Amino acid sequence: MFSFSEIVGHEQIKEHMQAAIRDKKPFHAYLFQGEEGVGKEALARTFAAGLQCQSESADKPCKECVSCRQMESGNQPDVIWVTREKASLGVDEIREQLCNTMDIKPFSSPYKIYLVPEAEKMTEAAQNALLKTIEEPPEYAVIFLLTTNRGAFLDTILSRCILLATRPVPGTAVEKYLVEKCSVSKEEAEFAAGFSLGNIGKAEAIVSSEEFQDLKELTLSILRYIHEIESYEIADKVKEYKKYKNRIEDFFDIFLMWFRDIMLLKADNSVNAEAAKKKIIFKNEYAYLKKQVDKLDLEAIDYVIGKIHRARVRIKSNVNFDATLELLIVEARREF
């Protein structure tokens, strides 16, 4: 469990939460919006812990009282996680786990807090059942809806929630966190912060995953020489990606960031290489990128970026894995 001081970024959201804890006036429903890994679950857990904290100190959660220890072990009886067994969260699950239990007063805490992860997966019927509950909730009830897509909710749900929209964390803060907490080099931290675009969960996963490092090196071995790679080499390389099917989004991100760096260097007017390097993610690959900058115009770069997005869609549509990756690399090579 985190304390607010240990959560990197999201200062305005943390201030709002701390004020609600201090004044003992939380709203009855909150919508935590943000991409996966950005920190919304850590914020929700810490907010819940702070609201239930039994300490007399102004600094909550204290991590030491009975409630905080229960939160740490996942056994706080008045903090309920709503779960689902299927792809969607149905009306029966919402009624059974939330609506039908809300009238039962808290066991030992001032509030009864419900957390709904991936709340965008609620069916319309489930949302309507929830709506009836949050229109007139008991004064002790607090509901946290965690989501990557607030567009999936009924307007009537949105209008009854306070929106806490998480934003990417500044790169320097992510770098500092990775160096201090994950014991990585400044160079590794700088790459992860840039590559994750301020998503601290993703950045932490990058520096701690050997699989990601292997995938990155395999993909860079293609990108460094993509302008001269032979067709048979492409086919051989693509075969190696079978073991990384579960990380295919990382492959597309690496591909995309490479051409993003080329675009930045293409538009850059710096005569100083070190100044130019500061703007790109693949700083160690500057020499390779610079060679390709001279071979591509902005229209060609934009074309390749479009093909990367198209390949993502094809993979999600279950188009042949090898064929999709091979076609992308061939189409990118063709632009040089």
Side-chain angles (χ1 to χ4, degrees), residues 1-22 30-51 53 58-63 68 71-72 115 117 144 146-150 162-210 212-213 216 247 249-250 253-254 256-258 260-261 264 268 270 274-286:
M1 184 178 72
F2 291 97
S3 64
F4 283 111
S5 62
E6 292 171 315
I7 296 177
V8 181
H10 314 300
E11 299 306 324
Q12 289 184 325
I13 292 177
K14 290 190 293 186
E15 288 173 10
H16 174 91
M17 292 175 173
Q18 288 170 309
I21 294 168
R22 182 181 62 250
Y30 294 88
L31 185 70
F32 291 76
Q33 153 79 27
E35 65 179 33
E36 186 177 346
V38 79
K40 58 184 180 294
E41 184 173 313
L43 287 165
R45 283 180 181 273
T46 306
F47 191 18
L51 287 169
C53 181
D59 188 16
K60 300 182 179 185
C62 70
K63 294 189 177 183
C68 283
M71 281 293 297
E72 184 70 33
L115 295 98
F144 295 166
L146 282 62
T147 183
T148 57
N149 178 22
R150 66 181 177 185
I162 286 181
L163 174 64
L164 300 177
T166 54
R167 300 280 186 258
V169 177
T172 52
V174 177
E175 290 172 31
K176 185 174 184 289
Y177 173 84
L178 295 176
V179 170
E180 293 178 355
K181 301 295 184 181
C182 303
S183 300
V184 301
S185 68
K186 187 177 184 304
E187 186 178 78
E188 290 177 287
E190 190 175 8
F191 169 80
F195 187 83
S196 66
L197 300 178
N199 183 319
I200 199 159
K202 185 174 181 179
E204 193 168 5
I206 286 171
V207 299
S208 61
S209 171
E210 289 186 14
F212 176 85
Q213 302 305 326
K216 174 187 165 187
R247 302 200 71 128
E249 285 298 315
D250 287 330
D253 285 344
I254 293 167
L256 183 63
M257 293 298 183
W258 181 271
R260 167 197 171 278
D261 278 358
L264 285 175
D268 185 69
S270 302
E274 290 305 313
K277 279 185 184 180
K278 289 181 180 179
K279 300 181 179 181
I280 62 175
I281 291 170
F282 293 103
K283 292 176 174 58
N284 289 344
E285 307 298 325
Y286 177 77

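Everything numeric in this text was worked out from a predicted model, so none of it was measured. Atom set for the values below is all heavy atoms of this structure, side chains included, hydrogens, waters and symmetry mates excluded.
- A 4.5 Å side-chain heavy-atom check between W258 and E285 finds at least one atom pair inside the cut-off.
- A side chain to side chain contact (heavy atoms under 4.5 Å, CB included) with M17 is found for one member of L43, T46, L51 and no other, namely L43.
- Using a 4.5 Å cut-off on side-chain heavy atoms (C-beta onward), L197 and P168 make no contact.
- In this structure, the side chains of E188 and L178 stay at 4.5 Å or more apart for every pair of heavy atoms.
- Without hydrogens or angle criteria, S196 side chain to A193 main chain gives a donor-acceptor distance under 3.5 Å.
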Discussion item. Checking E175 against K186 for the side chain to side chain contact (heavy atoms under 4.5 Å, CB included) test, could you report, in this order, the C-alpha distance in whole Å, the side-chain angles of both residues, the deciding distance, and whether it holds?
Written reply: CA-CA 7 Å; E175 290 172 31; K186 187 177 184 304; 4.2 Å; yes
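- Under the salt bridge (charged side-chain N to carboxylate O under 4.0 Å, His left out) criterion, E204 pairs with no residue, sequence neighbours left out.
- Distance alone, capped at 3.5 Å, is enough to place a donor-acceptor pair between the N199 side chain and the E36 backbone.
- For E180 (side chain) and Y177 (main-chain N/O), no donor-acceptor pair under 3.5 Å exists by modelled atom type.
- Of the possible polar contacts, none joining the Q213 side chain to the S208 backbone as a donor-acceptor pair under 3.5 Å is found.
- Checking side-chain atoms of D261 against main-chain N and O of I281 turns up a donor-acceptor pair under 3.5 Å.
- In this structure, the ring-ring contact (aromatic ring centres under 6.0 Å, His included) partners of F144, at least two apart in sequence or on a different chain, are Y30, F32, F47.
- Remark: K202 fails to qualify as a cation-pi partner of F212 under the 6.0 Å distance and 45° angle criteria applied to the six-membered ring.
- Proximity of a side-chain donor or acceptor of H10 to a complementary backbone N or O of V38 within less than 3.5 Å is detected.
- With sequence neighbours excluded, the residues forming a salt bridge (charged side-chain N to carboxylate O under 4.0 Å, His left out) with K14 are E11, listed by chain and number.
- A donor-acceptor contact shorter than 3.5 Å links the side chain of T166 to the backbone of Q33.
- For Q12, the CD atom is loosely surrounded, since the number of other residues' heavy atoms within 6.0 Å does not exceed 12.
- Side-chain atoms of E190 never come within 3.5 Å of backbone atoms of E187 as a donor-acceptor pair (strictly under, hydrogens ignored).
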Discussion item. Evaluate K176 against V179 for side chain to side chain contact (heavy atoms under 4.5 Å, CB included), listing each step before the verdict.
Written reply: CA-CA 5 Å; K176 185 174 184 289; V179 170; over 6 Å; no
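- Ring planes of F191 and F282: tilted class, angle from 30 to 60°.
- Put simply, the side chain of K63 does not reach to within 4.5 Å of the side chain of C53, judged on heavy atoms.
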